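Keep in mind that what you see is a predicted model, and the values were worked out from it rather than measured. Atoms within each ligand, like the ligands themselves, are counted from 1 in listed order.
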Amino acid sequence: WQKIAPRKASDPPVVFHWLPIVGSALWYGNDPINFFQTCQERYGNVFTFILLGRKVTVALSAKGSNFVLGGKSTAFNAEGAYMHLTVPVFGKDVVYDIPNEKFMQQKKFVKFGLSTENMRAYVGMVEDEVDEFLKQDARFRTYQQNDINEWGNFDAIGAMAEITILTASRTLQGQEVRDNLDKSFSQLYTDLDGGFTPLNFLFPNLPLPSYRRRDAAQKKMSDFYVNIITKRKQNPDGDHHYDQIASLLDQKYRNGDKLQDHEIAHIMIALLMAGQHTSSATLAWTMLHLASRTDVADAVYNEQVKYFGNPDGSLRPMSFEDLRHLPILDSCVRETLRMHPPIHSIMRQVREDVVVPATLAAPSKDGVYIVPKDTFVLTSPLISQVDPRIWKESDKWEPARWNDAEGVAAQALKSYTDENGEKIDYGFGAVSKGTESPYQPFGAGKHRCIGEQFAYLQICTIIATILRRVELRLPTPVPEHNYHTLIMMPKDPKSIHYRRRKFD
Ligand code: HEM
């Protein structure tokens, strides 16, 4: 627990609460969007709330994101905010368990492995996996029976989570992980994932069975990867691998040291956890919207036919280069990430007193606001992404807004320039303009996501492959957000109906 200091004149306004330690935890936990929007109206873009004994200062709007995500890492520190959640799951000596400077080198290694050559290899693998899944999974029985008149259904989250882990393991994680998915690996994943919840974020160690299962699974999974690495080292001339293990084995830190086996193992676990829920939630939301907007789903299908159609009516397979030329499909994913960015709160620990710029929050009558050392800051890009002052019909899922060259959406996509003024080309995908943008589903600044391009490749290829084979319908409204998971998921009911296409 943090001892909450009495309020000083320079402190930002504090959200009213009845219970001293609990503070606003229930309101924030049950509906963070309503909490942020109501407090923004009441107190402005900067306010502080109490979250189970922690003092958290929220900075909203694009300027608020800039304040938090563009701030110096010596002042706003990610390790301090996330290590209690991540170290027991990922393991030692990676990500937030090491000095930031070393983690930035590890991030570069991963980026290196997400090369164009590897991305090219991945598209076909993802298509194959989805094809096999549709041919074998019991939820797609009416598809398998070749029946074009019969509707089947599948749960948006369950089916998409399975397709996500199948495709991520075949590509990034490597064949050995893919081969073990039906065996021991999947139970280990489930146990480890049980340690990646809001409860674990708030209470890193409780004497509960799920915490013990998390710790046991972490150790076994770490050994599983180390075993793969040992075998590959014993057989260096074996098959060519396009996965991250192969790439990490070749990397060296600036001091010339190679990565140790357990570091590679723990980076692989971190990548698995970072990509699984974020990508599967984005997939589930996009599929739900497509199923409820058949006009858009038809447009995505027609785009496929136009671009990939053969004279005999069949559709040729996709390639990495092709994915850059499918603006309708691309806009569906961008628009989903605008309304349903998987991560609604980005946090940092405050390591020195930081003055809030007057352009972000009008100074208090006693002078400027100061975010005090040893507290936390939080920004929520989602609030700018659904702000009706920025986006026309902001609560409507409307992918067409991304194809308006003059619109806010197009402006938000201008290429990203990093803090050193270097232009970063993320290829295709929802590239936002940097730390001060109203569109940041992948964060911004030093801790920005490096998985964006892979996530786009994976999500777009999966959606296109499914839509080529089936039509979708949603018999219920698009669900509301469930905020009780770390990643924003759809609530029930979320069953999607499908029917096999005639010309498959
Ligand atoms: C960081 C979102 C997929 C790896 C982030 C951050 C966000 C984000 C918002 C910034 C967190 C912060 O500043 O505290 C997403 C979304 C995804 C996605 C929306 C999919 C739709 C992936 C995938 C991978 C990945 C597939 C791995 C292959 C990472 C890594 C970081 C990161 C390594 C850096 C963390 C740091 O520097 O502290 N992601 N992510 N993400 N993401 Fe992703």
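Under 4.0 Å is where a charged nitrogen must lie from a carboxylate oxygen, and between E101 and R254 at least one such pair does. A salt bridge links R232 with D243: at least one charged nitrogen is closer than 4.0 Å to a carboxylate oxygen. Salt bridge absent: K252 and D257 never bring a charged side-chain N and a carboxylate O closer than 4.0 Å. With respect to D97 and K92, a salt bridge is recorded, a charged nitrogen being found less than 4.0 Å from a carboxylate O.
For the residue pair Y242/Q175, the side-chain donor-acceptor check at 3.5 Å is not satisfied.
Given atom 4 (C) of ligand 1, the protein heavy atom at minimum distance is A274 CB, 3.6 Å. Among all non-hydrogen protein atoms, the one lying nearest atom 3 (C) of ligand 1 is T278 OG1, 3.5 Å. Ranking protein heavy atoms by distance to atom 24 (C) of ligand 1, first place goes to G451 CA, 3.6 Å. When only non-hydrogen protein atoms are considered, atom 26 (C) of ligand 1 lies nearest to G275 CA, 3.5 Å. For atom 27 (C) of ligand 1, the closest non-hydrogen atom on the protein side is L271 CD2, 3.8 Å.
Of the listed residues (F442, F454, Y96), the one carrying the non-hydrogen atom nearest atom 16 (C) of ligand 1 is F442. The option from L69, I487, I450 that lies nearest to atom 33 (C) of ligand 1, judged by heavy atoms, is I450. The heavy atom nearest to atom 2 (C) of ligand 1, out of those in A168, P441, P342, is found in P441. Nearest to atom 8 (C) of ligand 1 by heavy atom, out of C449, G113, S280, is C449.
Not a single heavy atom of Y456 sits less than 4.0 Å from an atom of ligand 1.
Using the six-membered ring where Trp is involved, F76 and F67 have ring planes that are perpendicular, over 60° apart on the 30 and 60° scheme. Using a 30° and 60° split on the angle between ring planes, H344 and Y483 fall in the perpendicular class, above 60°.
Here is the list of ligand 1 atoms found below 4.0 Å of a heavy atom in Y82: 12 (C), 14 (O). The atoms of ligand 1 that sit less than 4.0 Å from any heavy atom of T282 are 21 (C). Interface atoms of ligand 1 facing K107, defined by a heavy-atom separation under 4.0 Å, are 34 (C), 36 (C), 37 (O). Residue-ligand proximity, L172 to ligand 1, at heavy-atom distances under 4.0 Å covers atoms 28 (C). Interface of I343 with ligand 1, defined as ligand atoms under 4.0 Å from a residue heavy atom, comprises 2 (C), 7 (C), 8 (C), 9 (C).
Among all heavy-atom pairs drawn from L472 and M287, the shortest one is CD1-CE, 3.8 Å.
Judged by a 6.0 Å distance limit and a 45° cone about the ring axis, K102 is positioned over the six-membered ring of Y253. For the pair R338 and W391, the cation sits on the ring face: its NZ or CZ lies under 6.0 Å from the ring centre, inside 45° of the axis.
Contacts of R348 with ligand 1, taken as heavy-atom pairs under 4.0 Å, involve the side chain alone. Of the heavy atoms in E452, none comes closer than 4.0 Å to ligand 1. At a 4.0 Å heavy-atom cut-off, ligand 1 does not touch L114 at all.
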Exercise for the section: Go through the steps for E117 and R120 under the test salt bridge (charged side-chain N to carboxylate O under 4.0 Å, His left out), then give the verdict. Expected result: CA-CA 5 Å; E117 188 201 353; R120 284 201 180 108; over 6 Å; no
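Side-chain atoms of F376 and L51, non-hydrogen and from C-beta on, never get closer than 4.5 Å to each other.
At least one N/O-N/O distance between H447 and ligand 1 falls below 3.5 Å.
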